[in-house]
There are 2 protein chains.
Amino acid sequence: MGSDKSTAGTAVGSAAGAPLTGARIGRVAAPIREQVLDVIRQGILDFQLRPGQRLIERELIEQLGVSRPTIREVLSRLVAEGLVTIQPQHGATVAVLSPVEAEDIYEMRVPLEVLVMQRFVKRATDEEIAQLRGALGRIEEITEAGSETQSRLRAKDDFYQIVFEGARSPVLAQTLQTMQGRIRLLRATSLATAGRPEASLEEIRQLVGAIERRDLDAVAAAATAHVRNAAASALSQLAENEAETAQR
Amino acid sequence: MGSDKSTAGTAVGSAAGAPLTGARIGRVAAPIREQVLDVIRQGILDFQLRPGQRLIERELIEQLGVSRPTIREVLSRLVAEGLVTIQPQHGATVAVLSPVEAEDIYEMRVPLEVLVMQRFVKRATDEEIAQLRGALGRIEEITEAGSETQSRLRAKDDFYQIVFEGARSPVLAQTLQTMQGRIRLLRATSLATAGRPEASLEEIRQLVGAIERRDLDAVAAAATAHVRNAAASALSQLAENEAETAQR
DNA sequence: ACCGGCTCATTGTCAGACAATATTTGAGTG
DNA sequence: CACTCAAATATTGTCTGACAATGAGCCGGT
C-alpha cells in the first residue's frame, strides 16, 4: 500500500556517465514532510479525519511510511494552523471548533475578506478578472447540477485561489486560508454542508459583478454579506446540532 | 550554563518508599520544547537575533543543550508564526519583513484591532478596565522618564495582554499577537524604535478614554488612528532606511 | 460493587547515522 | 590577472533505535 518510501530515496542515484542531463527535471527533492503535511491536512479538510479523532503517531507512521520525527514536525505545523490540538501527555487529535471560536473566526473574516476583495479589484489583471468569472461559472454549473458537497467546496477553493493570487498579498492570503481551513472543520463537526447553495451562489454573483465594475463599496458590501450569511447559516445549524446532542 | 537537561530527567525517579507525596507539585513536566520555543522567540523579539541572521541547527543545539528533533520542531513552529524563514536546502534564518509585507500586516491589523478593542468594551469586567488604566499609567511613566525602548515595548505588551484577556477571544488574540510579533521584526530591521512616543501615548490615552466611556465608535476611531499612525511612522522610516542602503 | 494497584499504550526526548544538496575554496587555463 | 570548473566542506533531510515518564484501562481484593 503506502510504500511511498521509494519515491525520493533511490530513483536518480548514480545512473551512468551522462554528466549534464541528469539534473533539473529529475526533481528528486519533493520534501517528504511537505507531502505528509498535505496528505494529513487534506485528510482533515476532506472530512476523512473527523474532528475529535485521535491522531496516533504510530498509526500515521505505518500508514504513511515515514518516520516519527517527520510526523511530529507535521503535527506541530498543523497545530499552528489550528487544525490539530495536542494535549500534553496525551497526544494529538483533530481540532474541534467550538461555536464561540467559530463566531470569532467569522467575525474576523468579514473585514479581512473585504480587504482581499478590494485588493483584488485594485491589483488583478484583466485576465485574472476573467478567470474569476470563469471560476464563478464552474461554481454555477456544479450548484445547478446539485453535485456533491466535495466538488462545490473544491470549486470554491479555486475561486478563492484566483482571488488570493490577484490580490498580491501573501500574508493576507495565508491568514484567510488558515481561517477557511478552520471553518471547514466546523462544517465537518456540524455535518452541515449548510445547504444554502443557491443563496450563496447569488451572493458570489453579486460580488463578481461588483468586482468587474470595480466598485469598491459594492465589493465591500457583497463580501460582507457573503461572509455574514455564511456565518449565520453555519452557526444556526451548529446551534441546532448542539441542542440535539444536549437533549440526548 | 545551559545544563537544564537535568530538569526533567533525574528528579523524582525512585526515591524511597514514600508512595504518595512524590506527585503533583513536583511538576516535572515543563515541556522542553516550549521552553526552547520561548527562548528563541524571545531572542528574536528582543533583537538579540537579528533579521536575516542564520539559525544553524548545530549551533542552537550546542547553545541550548537540546536535541536536533526538538530544535527542528521549534523552528517549524516559528516558521508558522512568521518569525523564521526556511529555504529548502539551505536552512533557517530570522525572517526579514519586506516593506510590502509590513504594509499588508498593518492594513490587516486595523480592522482586527478595532474588533478586539470593541470586544473588550463589551466583555471586560470593570476591574479589567481599571487594570487597563493602570497599564496606561505605567506606559506614561516610562515614556516621561524617556526610558529604554525595551521597557516601553514591554509595558505596551502588558497593555495588550490585558486587552486580549478581557476581549475573551483567544483566536483574535493569537492572530494579533502573531502580527505584532512580525511587526516587531520590522522594528529590528529598521533599527527604528520609531521615536514618536508622545504621539503614540496620546493616542492610547484617547483609546482608553473611549473604552471607559464605552463609546464603540470612538474606540474604533482611536484604534484605527493608532494603528494607522504607527504604520505610517514605521513605513516612512523604513523607506528612509531603504533609500540610504540603496545609495551606498 | 467499589477501590487500589498493576500493566500497557503512548508520548517526550535523546543519540547517532547516512545520503543529498548548497557553498566555498582551490586549481588550472586563456 | 581574471575566469571557469572541480573537489572539499558544511549543512540540511530523514531514518533507526532506544529509554524514561506519564496517562488509561483492566483486574483482583475487600
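What you see is a predicted model; the values in this text were computed from it and never measured. Here is how names work: the chains are called A, B, and so on, in the same order as the sequence lines, proteins then strands, and each is numbered from 1.
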Inset, instruction - Round to a whole Å and report the spacing from CD of A/Gln89 to C1' of C/dA9. - result: 13 Å
Inset, instruction - Return the value, rounded to whole Å, for the distance between atom CD of B/Glu57 and atom P of D/dT14. - result: 11 Å
Inset, instruction - Take the protein atom CD1 of B/Ile61 and the nucleotide atom C1' of C/dG16, then report the distance between them rounded to whole Å. - result: 12 Å
Inset, instruction - Would you jot down, in residue-number order, the residues of residues 67-76 of chain B having a non-hydrogen atom under 4.0 Å from DNA chain D? - result: B/Arg68, B/Arg72
Inset, instruction - Return the value, rounded to whole Å, for the distance between atom CG of A/Leu55 and atom P of C/dT10. - result: 13 Å
Legend entry - Check: B/Ile44 main-chain N/O paired with B/Arg184 side-chain donor or acceptor under 3.5 Å: no
Legend entry - Working for salt bridge (Lys or Arg N to Asp or Glu O under 4.0 Å), residues A/Glu62 and A/Arg58: CA-CA 6 Å; A/Glu62 286 167 10; A/Arg58 189 178 41 74; 3.5 Å; yes
Legend entry - Interatomic distance, A/Arg54 CZ vs C/dT10 P [rounded to whole Å]: 7 Å
Legend entry - Whole-Å distance separating the CD atom of B/Glu62 from the P atom of D/dA10: 13 Å
Inset, instruction - Would you please name every residue forming a side-chain contact (heavy atoms from CB on, under 4.5 Å) with A/Ala173, sequence neighbours left out? - result: A/Phe164
Legend entry - Side-chain touch B/Tyr160/B/Leu176, heavy atoms, less than 4.5 angstrom: no
Legend entry - side-chain N/O B/Arg33 vs C/dT13 OP1/OP2, d < 4.0 Å: yes
Legend entry - A/Arg41 bridged to A/Asp38 by N-O distance under 4.0 Å: yes
Inset, instruction - List the steps, then state whether side-chain contact (heavy atoms from CB on, under 4.5 Å) holds for A/Leu78 with A/Leu55. - result: CA-CA 12 Å; A/Leu78 290 170; A/Leu55 298 173; 5.7 Å; no
Inset, instruction - In whole angstrom, give the distance that lies between atom CD of B/Gln87 and atom P of C/dT21. - result: 17 Å
Inset, instruction - Round to a whole Å and report the spacing from CD1 of B/Ile32 to P of C/dT11. - result: 18 Å
